[in-house]
Amino acid sequence: MDKNSTPPSSRSDFLRDIVASDLASGRVREVVTRFPPEPNGYLHIGHAKSICLNFGIAAEFGGTCHLRFDDTNPSKEEQEYIDAIQADIAWLGFDWGDKTYYTSDYFEQLYDWAVYLIKHGKAYVDDLSAEEIREYRGTLTEPGRNSPWRDRSTEENLDLFERMRAGDFPDGYRVLRAKIDMSSGNINLRDPVMYRILHSTHPRTGDAWCIYPSYDFAHGQSDAIEGITHSICTLEFQDHRPLYDWFLTNLPVPSVPRQYEFARLNLTHTVLSKRVLLRLVKEGLVRGWDDPRMPTISGIRRRGFPAQGVRDFAAMIGVARADSVVEIEMLEHAVRDTLNRTAPRRFGVLDPIRVVIENYREGAVEYVDVPNNPEEPDAGTRAVPFSRELLIERDDFMEDPPEKFYRLAPGREVRLRSAYFITARQVVKNAHGDVVELRCTYDPATKGGSAPDGRRPRATLHWLSAPHAVPAEVRLYDHLFASPYPGTGGRDILEDVNPRSETVLRTCVVEPSLAQPVVGQTVQFERLGYFCADPDSTPTMPVFNRTLTLKDTWAKLRAKTA
RNA sequence: UGGGGCGUAGCCAAGUGGCAAGGCAGGGGACUUUGGAUCCUCUAUUCGUAGGUUCGAAUCCUACCGCCCCAGCCA
């Protein structure tokens with residue numbers, strides 16, 4: 001197998017064990033899973049875990065995975081989200097063929113099943129108000145009480161339910177409830193609401209309905225209709241499983257799926273709550289759902305994270321039932337790992353300082369060959385212009401260098417990557433004492449970056465020919481939340497937003513090959529990190545988002561010393 | 001004081017009665033035309049705690065402790 005596509009580990013986990021044994025025992029012939037997003041927001045990295053799980057299991061066991069929009073609440077759902085969700089899953093690299101479903105496609109069948117339960121005395125129309133229902137439900141430690149409407153006749157229930165559908169009542173006027181057990185220790189079994197009245201236009205069914213099924217009444221039956229074998233969801237639905245099973249055993253469903261739960265993803269320095277994400281967008285704290293700092297799929301895509309890295313991350317963290325918070329460094333590792341193998345190397349200087357090579361012929365230009373990716377020789381080389389006036393990173397020079405600083409300093413020789421060795425001869429400063437230019441000399445014998453006499457400079461710097469350098473804007477990103485556990489201090493979580501999560505640099509320069517970058521392509525600026533061309537790029541000003549820095553042991557050393 | 005879950009290293013996580021995988025993070029070193037990458041190497045006598053069963057327990061039993069979820073006409 002190609003090392004570039006080797007999964008981090010072909011692991012087994014409790015879900016794969018269950019699927020394998022169901023297949024072995026013949027309980028199921030073929031595996032059918034589903035990813036069931038509600039189209040009320042954008043998908044985030046937590047959904048990516050679920051997507052990789054559901055599509056991954058289906059693929060590994062030769063089954064199929066459906067995409068089903070769980071669109072039972074038109075007051076929160078929009079077509080924009082339906083479109084974005086599909087784009088995100090496709091980008092992640094999964095293909096659901098023609099298996100696109102909507103819970104709303106089953107509204108008629110669900111309605112019929114509700115009537116079926118009424119006829120069997122297992123559902124009733126309740127006239128209690130929302131508040132009364134809450135009161136009658138009891139508490140965690142006290143049982144609930146039966147609604148006075150619980151024992152209506154079948155005829156009356158049928159008539160009322162029909163009129164609910166017909167639009168005879170305003171929102172919230174009545175609900176249809178399952179008749180189960182008001183004293184159950186499991187609150188979900190205390191006569192859960194099956195249908196509520198909602199005069200709201202649905203993105204798909206328009207105004208055809210004014211009653212909508214609840215999640216509990218829709219999900220299991222939708223699974224059954226589609227022949228889902230393993231209905232995988234997150235831990236908070238554990239308490240709903242008895243209800244999920246109750247509907248399936250009390251209804252003439254075509255198949256009997258089973259629900260399994262796993263722990264949802266939590267990430268340090270990150271918030272994965274649709275509610276909070278929506279607020280960040282609505283309150284303008286970020287550039288939108290696809291802001292490069294957002295943990296949304298569209299955000300990390302714009303940031304430059306490769307889908308492969310996200311998939312590797314999902315495989316790396318595994319699946320279990322214990323609540324956990326994964327350190328974001330793991331995600332970053334997976335992303336760096338794939339980018340290291342695949343990202344083309346380029347030169348970019350974020351904070352340029354001028355270097356004049358005094359012994360280099362004025363007006364001369366030569367092109368040096370630079371490897372596109374040392375990790376992959378087949379990627380070839382490119383020609384980068386070199387001339388008398390260069391630009392290097394300001395951080396790569398120190399007039400009075402501390403110990404362990406190996407880069408350029410007065411009198412010191414360093415290598416310019418793939419070009420020549422240069423030695424700093426003189427420092428030019430302005431009236432404020434700021435270094436504005438370095439006068440250097442080069443050794444013509446070191447062309448290509450190696451010396452015939454075998455001497456080897458301690459440092460290699462990236463560089464640009466000043467007259468050929470292309471101005472660019474670079475946006476530096478850091479964690480959206482500085483705290484590893486945002487929102488835990490009793491503050492409003494939005495107060496924890498890192499004010500330095502985005503830094504815009506407008507005086508950067510990049511090599512000529514990046515003048516018209518491919519938007520969405522991530523390259524490595526050598527020695528700096530990975531950068532992805534942003535859609536905000538214009539023909540005269542490319543814009544790059546810093547995906548991640550390279551690991552920087554010098555920065556770490558310096559921080560430790562300071 | 002009801003119901004449902006979960007506790008293995010700083011963080012994920014294997015392990016299902018035979019003597020604690022792996023990854024991330026961190027430390028040390030080698031190599032290096034990216035202070036990147038790569039490569040070596042170190043980090044749990046111990047599995048929430050206490051008892052018990054057994055030749056043998058992270059795995060079985062008992063009790064206790066801690067954490068998470070549930071009282072939407074959200075999903």
**Asked** Counting any heavy atom closer than 4.0 Å, what does A:K274 reach on the DNA or RNA strands: base, sugar-phosphate only, or nothing?
**Response** nothing
**Prompt:** Looking at A:R456, does any N or O in its side chain come under 4.0 Å of the phosphate oxygens OP1/OP2 on B:U32?
**Reply:** yes
**Prompt:** Can we call the ring centroids of A:H202 and A:F107 under 6.0 Å apart?
**Reply:** yes
**Message:** Over all strands shown, is A:S214 touching base, sugar-phosphate only, or nothing at heavy-atom distances under 4.0 angstrom?
**Reply:** sugar-phosphate
**Asked** In terms of the angle between their ring planes, are A:H462 and A:F347 parallel, tilted or perpendicular, with boundaries placed at 30° and 60°?
**Response** tilted
**Message:** Need one value for A:S418: base, sugar-phosphate or nothing, where a base atom within 4.0 Å counts as base even if backbone is also close, heavy atoms only.
**Reply:** base
**Prompt:** Nearest-Å distance, CG (A:D323) to P (B:C11)?
**Reply:** 14 Å
**Prompt:** Whole Å only: how far is the CD atom of A:E327 from the P atom of B:G10?
**Reply:** 11 Å
**Asked** What interatomic distance, in whole Å, is found between C1' of B:A44 and the corresponding atom of B:U53?
**Response** 26 Å
**Message:** With a 4.0 Å cutoff (strictly under), does any side-chain N or O of A:R196 reach OP1 or OP2 of B:A75?
**Reply:** yes
**Asked** So what does A:S450 touch, heavy atoms closer than 4.0 Å: a base, only the sugar-phosphate, or nothing?
**Response** base
**Message:** Between A:R264 and B:G5, is there a contact of a side-chain N or O with OP1 or OP2 at under 4.0 Å?
**Reply:** no
**Message:** Using atom P in both nucleotides, what's the gap between B:U8 and B:A58 to the nearest angstrom?
**Reply:** 15 Å
**Request:** Examine the base of B:G5 for any acceptor or donor lying under 3.5 Å from a partner atom in the side chain of A:E261, and report the outcome as yes or no.
**Result:** no
**Complete:** Comparing nearest nucleotides in RNA chain B, the 5'-proximal residue of the pair A:A459, A:Y195 is A:A459
**Prompt:** Rounded to the nearest Å, what distance is computed from the CD1 atom of residue A:I197 to the P atom of nucleotide B:C74?
**Reply:** 12 Å
**Message:** Can you see whether A:R34 engages A:S231 through a side-chain donor-acceptor pair at a distance of less than 3.5 angstrom?
**Reply:** yes
**Request:** Return the nucleotide paired to B:A21: Watson-Crick means purine N1 to pyrimidine N3 with N6-O4 or O6-N4, wobble means G-U with N1-O2 and O6-N3, both under 3.5 Å.
**Result:** none
**Asked** Expressed in whole Å, how much space separates the P atoms belonging to B:C67 and B:U62?
**Response** 23 Å
**Message:** Could you tell me the Watson-Crick or G-U partner of B:C67, where both distances fall under 3.5 Å? Say none if there is no partner.
**Reply:** B:G5
**Message:** For a quick check under 3.5 Å, do A:Q308 and A:R341 share a side-chain donor-acceptor pair by atom type?
**Reply:** no
**Asked** Taking all atoms of both residues into account, what is the closest heavy-atom pair of A:T522 and A:P344, and its distance?
**Response** O-CD, 3.6 Å
**Asked** In terms of base orientation, is B:G22 syn or anti, with the syn window spanning 90° either side of 0?
**Response** anti
**Request:** Give a yes/no on whether any side-chain N or O of A:R241 is located under 4.0 angstrom from OP1 or OP2 of B:G5.
**Result:** no
**Prompt:** Hey, does A:L128 reach any base, or is it just sugar-phosphate, or nothing, if we go heavy atoms under 4.0 Å?
**Reply:** base
**Message:** For A:F313 together with A:F305, are the ring centres under 6.0 Å from each other?
**Reply:** no
**Request:** Identify whether any heavy atom of A:D239 sits under 4.0 Å from a base atom; if not, whether one sits that close to sugar-phosphate; answer base, sugar-phosphate or nothing.
**Result:** base
**Asked** Which part of the nucleic acid, if any, lies within reach of A:I133 when heavy atoms closer than 4.0 Å are counted: base, sugar-phosphate only, or nothing?
**Response** base
**Prompt:** Reckon A:A320 touches a base, only the sugar-phosphate, or nothing at all at heavy-atom distances under 4.0 Å?
**Reply:** sugar-phosphate
**Prompt:** Using purine N1 to pyrimidine N3 plus N6-O4 or O6-N4 for Watson-Crick, or N1-O2 and O6-N3 for G-U wobble, both under 3.5 Å, which nucleotide pairs with B:C60?
**Reply:** B:G52
**Message:** Looking at A:Q524 and B:U34, is any side-chain donor or acceptor paired with a base atom of the opposite kind under 3.5 Å?
**Reply:** yes
**Message:** Say we look at B:G18 and B:G35: how far apart would their P atoms be, to the nearest angstrom?
**Reply:** 50 Å
**Request:** Take the protein atom CG of A:N266 and the nucleotide atom C1' of B:C6, then report the distance between them rounded to whole Å.
**Result:** 14 Å
**Prompt:** What's the CG-C1' distance between A:L53 and B:A13, to the nearest Å?
**Reply:** 14 Å
**Asked** With a non-hydrogen cut-off below 4.0 angstrom, is A:F237 in contact with a base, only sugar-phosphate, or nothing?
**Response** base
**Message:** Just to be sure I understand the rule, does A:N340 reach a base, reach only the sugar-phosphate, or reach nothing, if contact means heavy atoms closer than 4.0 Å?
**Reply:** base
**Message:** Check this one for me: any side-chain N or O of A:H462 less than 4.0 Å away from OP1 or OP2 of B:U34?
**Reply:** no
**Item:** Atom-to-atom span, OH of A:Y244 to P of B:A75 - whole angstrom
**Value:** 16 Å
**Request:** Measure up the A:F525 and A:F531 rings against each other and bin them: parallel (under 30°), tilted (30 to 60°), perpendicular (over 60°).
**Result:** parallel
**Item:** Nearest-nucleotide pick for A:D17, side chain only, options being B:G15, B:C12, B:C73
**Value:** B:G15
**Distance in angstrom units between A:R275 CZ and B:G72 P, rounded** = 16 Å
**Asked** Can A:W554 be said to stack with the base of B:G35, given centres closer than 5.5 angstrom and planes under 30 degrees apart?
**Response** yes
**Asked** Hey, does A:L140 reach any base, or is it just sugar-phosphate, or nothing, if we go heavy atoms under 4.0 Å?
**Response** base
**Message:** Using the side-chain heavy atoms of A:A322, tell me which of these nucleotides is nearest: B:A75, B:G5, B:C6.
**Reply:** B:C6
**Asked** A:R527 side chain N/O closer than 4.0 Å to the phosphate oxygens (OP1, OP2) of B:G35?
**Response** yes
**Item:** B:U38 versus B:U32 - spacing of their C1' atoms, nearest Å
**Value:** 9 Å
**Sugar-phosphate only, base, or nothing, as touched by A:T72 at under 4.0 Å among non-hydrogen atoms** = sugar-phosphate
**Message:** If you assign A:K551 and A:K447 each to the RNA chain B nucleotide with the nearest heavy atom, which residue ends up on the more 5' nucleotide?
**Reply:** A:K447
**Request:** Look at all strands and tell whether A:R134 reaches a base, only sugar-phosphate, or nothing, counting heavy atoms closer than 4.0 Å.
**Result:** sugar-phosphate
**Asked** Does atom CH2 of A:W554 have more than 12 heavy-atom neighbours from other groups under 6.0 Å away?
**Response** yes
**Contact under 4.0 Å: A:S324 side-chain N or O vs B:C11 OP1/OP2** = no
**base_contact_polar (B:G36 base, A:E375 side chain, donor-acceptor, <3.5 Å)** = yes
**Message:** Using atom P in both nucleotides, what's the gap between B:A9 and B:A20 to the nearest angstrom?
**Reply:** 16 Å
**Complete:** Atom CG of A:L461 and atom C1' of B:G35 are separated, to the nearest Å, by 11 Å
**Asked** What integer number of Å spans the C1' atoms of B:U59 and B:C19?
**Response** 12 Å
**Message:** Let's see if you can work this out: which of B:A75, B:G36, B:G3 has an atom nearest to the side-chain heavy atoms of A:N73?
**Reply:** B:A75
**Asked** Side-chain N or O of A:R321 less than 4.0 angstrom from OP1 or OP2 on B:C6?
**Response** yes
**Request:** Determine the interatomic distance between C1' on B:U46 and the same-named atom on B:U34; round to the nearest Å.
**Result:** 42 Å
**Message:** If you only use heavy atoms from C-beta on, which nucleotide in B:G15, B:C24, B:A71 is closest to the side chain of A:M330?
**Reply:** B:C24
**Request:** Pick base, sugar-phosphate or nothing for A:T139, based on heavy-atom distances below 4.0 Å to the nucleic acid.
**Result:** base
**Message:** If you only use heavy atoms from C-beta on, which nucleotide in B:G36, B:A25, B:A75 is closest to the side chain of A:R345?
**Reply:** B:G36
**Asked** Is there a Watson-Crick or G-U wobble partner for B:C39 with both distances under 3.5 Å, and which nucleotide is it?
**Response** B:G29
**Item:** Close side-chain approach of A:C508 and A:F544, heavy atoms under 4.5 Å
**Value:** no
**Asked** Aromatic rings A:H219 and A:Y215: how do their planes relate, parallel, tilted or perpendicular, breaks at 30° and 60°?
**Response** tilted
**Item:** Residue A:F14 excluded, over 12 heavy atoms near CZ under 6.0 Å
**Value:** yes
